[in-house]
Every structure is written in C-alpha cells, then in structure tokens.
Amino acid sequence: MAGRFTPRPTRTTVRGGHVAVGAGVPRQAAGPGRVRDWVPDGPLDLGLVLGPLRRGPGDPTFRATPDRSVWRTALTPAGPGTLRVRASGGGVRGEAWGPGAEWLLERLPELLGAADDPSAFVPRHRLVALTRHRRPGLRLTRSGLVLESLIPSILEQKVTTHEAYRAWRLLVRKFGEPAPGPVPGPMHVMPGPRTWALIPSWEWHRAGVDNKRASTILRAVRLAGRLEEAAGMEPGAARARLEVVPGVGPWTSAETVQRSHGAADEVTVGDLHLPRIVGWALAGDRDADDSVMLELLEPYAGQRHRAARLILLSGRVPGRRAPKMPRWDIGGL
C-alpha cells in the first residue's frame with residue numbers, strides 16, 4: 001500500500017515541511033512572465049522541497065494550487081518578485097514576474113535543491129530508511145535570502161505555531177505590497193527593512209507580538225544589509241553573524257540557515273518538541289533532551305538536519321501527556 005496513497009497531513013508532517021501540492025484556489029489566467037525550464041538530476045517533490053518556506057496554511061507569500069503549481073513571493077535584492085514553479089514532464093518550469101523575476105529564475109535550481117546532495121545521506125535506523133524510501137523527492141531548499149526566514153523564525157520564538165503564523169499573516173498582509181503577476185488570489189511580498197522598522201508599536205500588539213520579539217526584529221532589520229551578506233557564507237559562519245543580534249540564539253539561527261542555506265547539518269536545538277520526537281523515534285525515549293537528541297543524531301554527522309526532517313515526516317511521535325500550550329492573544333489586552 002505504501003506509495004499508492006498520499007499520507008494524510010499531520011501536525012508533525014507539516015512541521016517536517018510537507019505541503020500538499022494541488023490544494024488551494026484555482027489559478028487565474030497567466031500573464032506574460034519570464035520563463036526558465038530546468039531538469040533535476042533525480043526525483044523531486046515540490047511540496048517537500050518548498051514546504052519549509054510556507055509559514056502556515058494562510059501564508060500570504062506562499063500558495064499551492066490545484067494545477068500542482070507552487071507560488072511564492074520574495075523580496076529579492078532586485079526588488080519584489082513572484083515565482084510559480086510547476087513540474088512539467090521530467091523537468092520543472094519556473095515563471096516569474098516583477099523586478100525580482102530574473103533573480104528568482106537565476107536561482108531556481110538552488111531553490112529546488114540543486115546544491116543539495118541526497119546521496120550523501122546514509123540511513124542508520126530502519127524508520128529513517130523507510131521514510132527516505134517513501135519520500136525520494138526530498139531535497140533541501142536554498143532560498144539565498146536571510147531576512148525572509150529570520151523574521152518569521154523570530155516570530156515563532158516561545159509561542160505556538162498558530163500564534164506565530166497569525167502574526168506573520170497579519171503583518172505581511174497589512175504592510176507588505178501586493179505581489180506582481182497573475183497570482184492565484186491575494187498574495188503579498190514581505191515588507192522591506194525600512195517598512196518593518198516603521199511599524200507602530202500598537203500594530204505589533206494587535207498581531208499578538210510581544211515587545212521582546214518585536215524589538216529583536218527591529219534590531220535585525222537595522223542590520224539587514226550585513227545579515228543578507230550571510231547568505232554567501234558557510235552555514236556555521238552565517239549562524240555566528242545572525243547570533244550577534246541580541247535576541248537571536250541557536251534555535252532561531254538554525255531555523256533560518258536551514259532555509260536560506262539548505263544546511264544539511266544544522267539541527268535545531270532548544271526546541272520544545274523536537275528532542276522528544278527524535279528520542280521517541282530512534283530510542284523509544286519520550287523524555288529526551290537536546291543532549292540525548294544530539295547523541296542519537298551523531299551517526300548522521302554532516303546530515304543531521306536531513307535526518308531530523310525525515311523523522312518528522314515519518315509521523316512517529318510520542319503520545320501527548322499534558323495539555324497543549326495555551327494560546328495567548330495580547331492584542332485583546
């Protein structure tokens with residue numbers, strides 16, 4: 001039966017970066033845009049590769065449509081742009097609109113995992129090997145953009161994913177600009193650094209963002225140029241530069257470079273759930289902490305992030321023993 005049906009998405013598979021390509025609203029008639037065709041050198045699953053770039057089902061910068069296309073917007077060094085990616089035969093076709101269209105198409109192969117080497121990964125556990133067999137199209141995306149991953153990662157600090165996704169959705173819709181091109185419904189481009197810096201304090205409050213996270217974002221956008229330079233660094237050096245910003249720690253920097261650099265070994269530490277999920281999946285230990293998780297992932301040195309993603313995509317998680325973390329809406333205070 002494995003492989004005949006698409007597994008039903010769960011909270012864990014979504015966390016692992018799975019997007020059901022084919023879901024969404026119908027696409028509008030396409031207008032003229034720049035086009036690039038690219039043929040990957042192996043299996044490629046657009047939902048798995050681009051899924052980590054989506055921040056919740058209502059993300060105004062990301063959309064998957066019934067024609068099996070993935071749409072995303074980005075604020076590139078050349079300006080705002082919209083990219084549509086669709087599997088076509090044995091290859092992939094990218095269409096782009098806006099001032100950033102050429103930049104997006106130039107980096108299309110890296111976005112789809114061309115710089116990633118899945119063959120370097122050797123499974124050491126049966127669960128990991130089985131998940132890899134069922135998900136042959138998994139590659140690690142490399143967006144080449146730092147702030148677009150850093151800011152939503154800061155919003156996700158110490159809150160539920162629901163709260164973080166809501167904040168990202170509200171802020172981008174209100175302060176971002178409409179996406180260029182024939183987008184499938186309302187989509188927006190992330191605000192630029194100056195716009196983030198000018199968001200009034202009460203708008204952060206209405207979006208449910210506390211002063212600590214808002215202040216961290218404000219400090220980051222003031223250093224936007226220097227932080228974007230980190231896209232050309234090795235992941236370790238990039239994380240060191242990001243962590244110079246007060247409020248950006250190992251958890252946030254790892255979540256950022258996993259997307260901006262396609263960093264195969266940058267595993268997330270300091271997470272509330274990941275150590276217990278890894279511990280349960282590999283050793284039956286539902287109380288594992290970061291040190292236990294890192295010890296269990298040691299056989300995957302150089303590929304620990306890929307191993308963690310495969311474990312998340314396996315859906316093997318320990319049963320809940322405590323109530324969910326409560327949701328707080330500071331905007332209602």
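If you're wondering where the values come from, they're calculated on a predicted model, not measured in any experiment. The chain is numbered in sequence order, starting from 1.
For D37, the salt bridge (charged side-chain N to carboxylate O under 4.0 Å, His left out) criterion is met by R93, not counting sequence neighbours.
A donor-acceptor contact shorter than 3.5 Å is absent between the side chain of R55 and the backbone of T161. For T141 (side chain) and L111 (main-chain N/O), a donor-acceptor pair under 3.5 Å exists by modelled atom type. For the pair R316 (side chain) and I277 (backbone), a donor-acceptor distance under 3.5 Å is absent. Looking at R63, its side chain does come within 3.5 Å of a backbone N or O of P184 through a donor-acceptor pair. Remark: side-chain polar atoms of S69 are not paired, donor with acceptor, to backbone N or O of T65 under 3.5 angstrom. No donor-acceptor pair closer than 3.5 Å links the side chain of R142 to the backbone N or O of G262.
Taking CH2 from W204 and OG from S215, the interatomic distance works out to 9.0 Å, rounded to the nearest 0.5 Å. The distance from atom CD1 of I217 to atom CG of L150, rounded to the nearest 0.5 Å, is 8.0 Å.
Residues P178 and M187 fail the side-chain proximity criterion, which asks for heavy atoms closer than 4.5 Å. No side-chain heavy atom of L140 sits less than 4.5 Å from a side-chain heavy atom of R259. Residues M293 and D271 are not in side-chain contact: their nearest non-hydrogen atoms beyond the backbone lie 4.5 Å or more apart. In this structure, the side chains of D59 and V172 stay at 4.5 Å or more apart for every pair of heavy atoms. Proximity of W71 to T82: side-chain heavy atoms (C-beta onward) are separated by under 4.5 Å at one or more points. Between T73 and W97, the closest side-chain pair of non-hydrogen atoms is not below 4.5 Å. I199 places none of its side-chain heavy atoms less than 4.5 Å from the side chain of L218. Inter-residue side-chain proximity for W196 and M190 is flagged as met; some heavy-atom pair is nearer than 4.5 Å.
Residues in residues 190-204 take part in these salt bridge (charged side-chain N to carboxylate O under 4.0 Å, His left out) pairs, two or more places apart or across chains: K174-E203, E203-R206. The ring-ring contact (aromatic ring centres under 6.0 Å, His included) pairs that include a residue from residues 122-152 are H125-Y300, where partners are two or more places apart or lie in different chains. Legend: ring-ring contact (aromatic ring centres under 6.0 Å, His included) pairs involving residues 207-231, not counting sequence neighbours: none detected.
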Show me the side-chain donor-acceptor pairs of residues 224-244 shorter than 3.5 Å, one per line, residues at least two apart or across chains.
{"unit_1": "R226", "atom_1": "NH1", "unit_2": "E229", "atom_2": "OE1", "d": "3.1"}
{"unit_1": "E228", "atom_1": "OE1", "unit_2": "V146", "atom_2": "N", "d": "2.9"}
{"unit_1": "E228", "atom_1": "OE2", "unit_2": "L147", "atom_2": "N", "d": "3.1"}
{"unit_1": "E229", "atom_1": "OE1", "unit_2": "R241", "atom_2": "NH1", "d": "2.9"}
{"unit_1": "R239", "atom_1": "NE", "unit_2": "S253", "atom_2": "OG", "d": "2.9"}
{"unit_1": "R239", "atom_1": "NH1", "unit_2": "E266", "atom_2": "OE1", "d": "2.7"}
{"unit_1": "R239", "atom_1": "NH2", "unit_2": "P250", "atom_2": "O", "d": "2.8"}
{"unit_1": "R239", "atom_1": "NH2", "unit_2": "S253", "atom_2": "OG", "d": "3.3"}
{"unit_1": "R241", "atom_1": "NH1", "unit_2": "R226", "atom_2": "O", "d": "3.0"}
{"unit_1": "E243", "atom_1": "OE2", "unit_2": "S253", "atom_2": "OG", "d": "2.6"}

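Salt bridge absent: R276 and D290 never bring a charged side-chain N and a carboxylate O closer than 4.0 Å. The pair D67-R84 meets the salt-bridge criterion, with a side-chain N (NZ, NE, NH1 or NH2) lying under 4.0 Å from an Asp/Glu carboxylate O. Look at D265 and R304 and you find a salt bridge, because one of the NZ, NE, NH1 or NH2 atoms lies within 4.0 Å of a carboxylate O, short of that distance. Taking a cutoff of 4.0 Å between a charged side-chain nitrogen and a carboxylate oxygen, E95 and R34 do not qualify as a salt bridge.
Within 6.0 Å of atom CD in Q157, more than 12 heavy atoms from other residues, nucleotides or ligands are found, so the atom counts as buried in its surroundings.
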Query - Step-by-step salt bridge (Lys or Arg N to Asp or Glu O under 4.0 Å) determination, R139 to D117 - result: CA-CA 8 Å; R139 291 179 177 232; D117 182 15; over 6 Å; no

Requested in this report: In sequence, state the C-alpha distance, the side-chain angles, and the governing distance for T268 and Q258, and then conclude on side-chain hydrogen bond (donor to acceptor under 3.5 Å, both in side chains).
Outcome: CA-CA 9 Å; T268 303; Q258 287 166 7; 2.9 Å; yes

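Under the 4.5 angstrom side-chain criterion for Ile, Leu, Val, Met, Phe, Trp and Tyr, the cluster partners of L75 are V189.
Heavy-atom minimum distance, S153 versus T252: CB-CG2, 3.9 Å. Nearest heavy atoms, R213 versus I154: CD-O, 3.4 Å. Looking at every heavy atom in both residues, Y165 comes nearest to G56 through CD1-CA, 3.4 Å. Heavy-atom minimum distance, P180 versus V183: O-CG1, 3.7 Å. The minimum heavy-atom distance between A96 and L105, with the atom names listed, is CB-CG, 3.8 Å. Closest non-hydrogen pair, R36 versus L108, comes out as O-CD2, 4.1 Å.
A donor atom on one side chain and an acceptor atom on the other are not found under 3.5 Å apart for S149 and E255. Side chains of R134 and T131: no donor on one and acceptor on the other come within 3.5 Å. Side chains of E163 and T160: a donor on one and an acceptor on the other come within 3.5 Å. Using modelled atom types and a 3.5 Å distance limit, the side chains of W280 and D285 yield no donor-acceptor pair.
Taking hydrophobic clusters as Ile, Leu, Val, Met, Phe, Trp and Tyr residues chained together by side-chain heavy-atom distances below 4.5 Å, L170 does not share a cluster with W168.
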